Amino acid sequence: SQTIHQWPATLVQPVGSPLSLECTVEGTSNPNLYWYRQAAGRGLQLLFYSVGIGQISSEVPQNLSASRPQDRQFILSSKKLLLSDSGFYLCACTRLAGGTGELFFGEGSRLTVL
Amino acid sequence: KQEVTQIPAALSVPEGENLVLNCSFTDSAIYNLQWFRQDPGKGLTSLLLIQSSQREQTSGRLNASLDKSSGRSTLYIAASQPGDSATYLCAVDNNDMRFGAGTRLTVKP
């Protein structure tokens, strides 16, 4: 079964600083990868999803970006953080080829922007 | 655009009760529906996955049903325990996964 690693687990950054959150997947190949954000007391917002290397679909404004340099690596970035970027960021994957499409999550990265 | 709604937003029950959590969605053309559990400050744990061709799935004390035509799913928890206290989320797959806001469940000893 697949395992999703996210780091860092927690991060405190000043407004205007850059961001890089990393996600790697083990135990599967050619997964669909997702970045979600969960703000305090709110549901999950889909930020980006990727069906393959270099293929990124965006659901949010351009303060955030995502990249997929390798099949099982997904990176969430920002050049200048805003206060509103604070939240709990979750990476997820589905294993579609020959699988059920079940979504699995990492343990999340908690970002606080001050 | 798919919208997913979960009712109630919060639920508190005494230990031992059977309970039902509800999930509704606006676009019935889904591939599957999935129920998750989230403990505070943690990631999501998959509980049950129902494919679009299925009507229900069971795992232990959990039973999830799907009525695609009416855009509804229910998660039934039998004989609830304090350890079941968590937020329960449903998500539907229309090529990307859309989540409800969740139901926060508290089971009191």
Side-chain angles (χ1 to χ4, degrees), chain A residues 1-11 21 23 25 28 31-52 55-60 66 87-112, chain B residues 1-10 21-27 29-54 56-57 59 62 64 66 68 73 86-104:
Chain A
S1 65
Q2 54 277 307
T3 303
I4 303 174
H5 300 284
Q6 286 189 241
W7 71 93
T10 59
L11 193 61
L21 300 179
C23 169
V25 180
T28 188
N32 281 9
L33 296 174
Y34 305 82
W35 277 112
Y36 287 88
R37 176 171 59 205
Q38 188 175 38
R42 300 180 65 181
L44 272 74
Q45 178 189 21
L46 177 63
L47 303 177
F48 299 94
Y49 67 94
S50 170
V51 298
Q55 302 178 61
I56 308 294
S57 296
S58 172
E59 299 276 321
V60 293
F88 191 45
Y89 289 82
L90 289 154
C91 178
C93 79
T94 58
R95 177 172 46 88
L96 295 183
T100 61
E102 189 171 3
L103 190 67
F104 295 93
F105 281 84
E107 283 299 308
S109 296
R110 184 165 303 281
L111 171 66
T112 303
Chain B
K1 181 178 175 181
Q2 179 75 272
E3 292 186 5
V4 183
T5 304
Q6 290 188 245
I7 295 173
L21 308 180
N22 297 290
C23 173
S24 62
F25 46 95
T26 55
D27 184 352
I30 64 172
Y31 294 110
N32 60 58
L33 183 145
Q34 200 168 346
W35 282 93
F36 295 86
R37 168 187 174 135
Q38 186 177 28
D39 293 290
K42 301 293 186 181
L44 278 69
T45 300
S46 178
L47 296 174
L48 290 165
L49 171 73
I50 310 177
Q51 300 291 349
S52 63
S53 59
Q54 298 174 325
E56 66 177 348
Q57 283 286 333
S59 175
L62 305 179
L66 173 63
K68 203 171 66 165
S73 176
T87 297
Y88 291 81
L89 298 104
C90 73
V92 295
D93 186 359
N94 291 101
N95 275 331
D96 59 50
M97 297 293 285
R98 299 286 174 173
F99 282 78
T103 294
R104 188 171 67 253

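Small disclaimer: the values here were computed from a predicted structure and weren't measured. Chain identifiers are assigned alphabetically (A, B, ...) following the order of the sequence lines, protein sequences preceding nucleic acid strands; residue numbering begins at 1 within each chain.
Separation of atoms CG (A:L103) and CD (B:Q34) is listed at 5.5 Å; rounding is to 0.5 Å. How far CZ of A:F105 is from CD of B:Q38: 8.5 Å, rounded to the nearest 0.5 Å. With rounding to the nearest 0.5 angstrom, the CG atom of B:D93 is 7.0 Å from the OG1 atom of A:T94.
No more than 12 heavy-atom neighbours from other residues, nucleotides or ligands sit within 6.0 angstrom of NZ on B:K42. Residue-environment remark: CD (B:Q54) exceeds the threshold of 12 foreign heavy atoms within 6.0 Å.
Contact of A:L46 with chain B is made through the side chain alone, with heavy-atom distances under 4.5 Å. Within the 4.5 angstrom heavy-atom criterion, only side-chain atoms of A:Q38, from C-beta onward, approach chain B. Neither the backbone nor the side chain of B:Q6 comes within less than 4.5 Å of any heavy atom in chain A. Residue contact with chain B, scored on non-hydrogen atoms closer than 4.5 Å, involves the side chain of A:L90 exclusively. For B:L44, the parts lying near chain A are the backbone and the side chain together; criterion is any non-hydrogen pair under 4.5 Å.
Side-chain N or O atoms of A:E102 include none that pairs as donor or acceptor with a backbone N or O of B:L49 at under 3.5 Å.
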